[in-house]
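Okay, structure first, notes after.
Atoms within each ligand, like the ligands themselves, are counted from 1 in listed order.
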Amino acid sequence: MARYLVTGSAGMLGSSLRRLLGEEGAVYLTREDADLTNFEATAALFRTHKPEYVIHCAAVVGGIGSNSVHSGEYFRHNILINLNVLEAARKTGVKRLISFMSTCVFPDKTEYPLKETNLHNGAPHPSNFGYAYAKRMLEVQSSAYRKEWNCDFIVAIPTNMYGPCDDFALEGGHVIPSLIHRCFLRQQEGADLPAWGSGAPLREFVYVDDIARLALWALEHYREEDPIIFSSGIERSIKELVEIVADKMKFTGKIIWDPTKPDGQFRKPSDTTKLRRYLPDFQFTPLDEGIEKSVEWFKANYPNIRQ
Ligand code: GDP
């Protein structure tokens, strides 16, 4: 019998949880262990391991490019994975389960800062609606299961997460891993570093180990039915970010902003009131420290990185 079962453990958050929890009493599942879109295969794993707590990180994710092209696949995969994992957890009597959305599943037209209570109040951005609706169903399924079967399933909503074991795809990835990878290659070539858009947009970046620590806290202490946003609430500009990455990579070329690439939303600040009510003193990893750790990890693991 396992105390913890982590799905998606080859991913960024799963890997961080593994560093934090260690091997004893925990089971880490990857795609090799089972196809979570298949209910029988998923249920068989749960029957074998009989976990007390489940940290469900498995998902099909990608940047804006990949999301808009594969809206059907992102919808289908995520909805099936979530449906099966939560159902297998219910059937095997899991004590508590935590799953994750992202602030990009919030309504496109909404008020800021983003609040947990506004999750369903409007359609998501058209560029990622397949992914967003599938992820929102995590909250619906968790609360429906709680109502009918008293399942103790909770949902957390991190903002822009980054860190070791990220997906370092050059074009389809998120800004931090893409830039680290591109910067590395450009430095080797002695070329300048292209960055997308104007550099003006603001984002709340959170180091993955902070999310892992918060997930374990929530699993133990968070008793509300509604989701909870995990963020520092500190906005940083993309310009500042690119400069930090270039500095940590010891990049000697110039940064060239490419205005033909999308800026995306200007800002999407989140409301951290609820998190701060529980954890007023929680220390988030400062951005430059988190980037430094991510850069070190990238250099130590290149070329064996996800991309
Ligand atoms: P999201 O916009 O919060 O969904 O996340 P992204 O990580 O894809 O992009 C965040 C911001 O970084 C956007 O304003 C982009 O224009 C900017 N950005 C700058 N350079 C890059 C890059 O190389 N890749 C990506 N994905 N974004 C970049």
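Salt bridge status for E40 with R47: present, with a side-chain N to carboxylate O gap under 4.0 Å. Of the charged side-chain nitrogens involved, none lies within less than 4.0 Å of a carboxylate oxygen, so that E204 and K268 do not count as a salt-bridged pair. Ion pair E224/R277 flagged as a salt bridge, since at least one NZ, NE, NH1 or NH2 atom sits closer than 4.0 Å to an Asp/Glu carboxylate oxygen.
Against a heavy-atom cut-off of under 4.0 Å, P201 is close to the following atoms of ligand 1: 14 (O). Close approach of ligand 1 to K268 is summarised as follows: ligand atoms under 4.0 Å from at least one heavy atom of the residue are 1 (P), 3 (O), 4 (O). Counting atoms of ligand 1 from 1 in the listed order, those under 4.0 Å from a heavy atom of N160 are 3 (O), 5 (O). Taking every heavy atom of P262 and a limit of under 4.0 angstrom, the matching atoms of ligand 1 come to 15 (C), 16 (O).
With distances taken over non-hydrogen atoms, the option nearest atom 6 (P) of ligand 1 out of I176, V175, D263 is V175. For atom 20 (N) of ligand 1, the choice among W196, W257, F205 with the nearest heavy atom turns out to be W196.
By the 3.5 Å distance cut-off applied to N or O atoms, G173 is counted among the residues near ligand 1. On a distance-only criterion, G197 and ligand 1 share no N/O pair closer than 3.5 Å. The shortest N/O to N/O separation between I238 and ligand 1 does not fall below 3.5 Å. Annotation: R182 places an N or O atom under 3.5 Å from an N or O atom of ligand 1; distance criterion only.
Neither the backbone nor the side chain of K261 comes within 4.0 Å of ligand 1, counting heavy atoms alone. Residue-level proximity to ligand 1 for C104 is absent, since no heavy atom of it falls below 4.0 angstrom.
Ring planes of F205 and Y162: perpendicular class, angle over 60° (limits at 30 and 60°). In this structure, F298 and F184 have perpendicular ring planes: the angle between them is above 60°, well past the 30° mark. A parallel orientation is assigned to the rings of F168 and W297, their planes being inclined by less than 30° (bins at 30° and 60°).
Ring centroid separation for the pair F75 and Y131 does not come in under the 6.0 Å cut-off.
When each of E292, E243, E296 is checked for a side chain to side chain donor-acceptor pair (under 3.5 Å) with K248, only E292 meets the rule.
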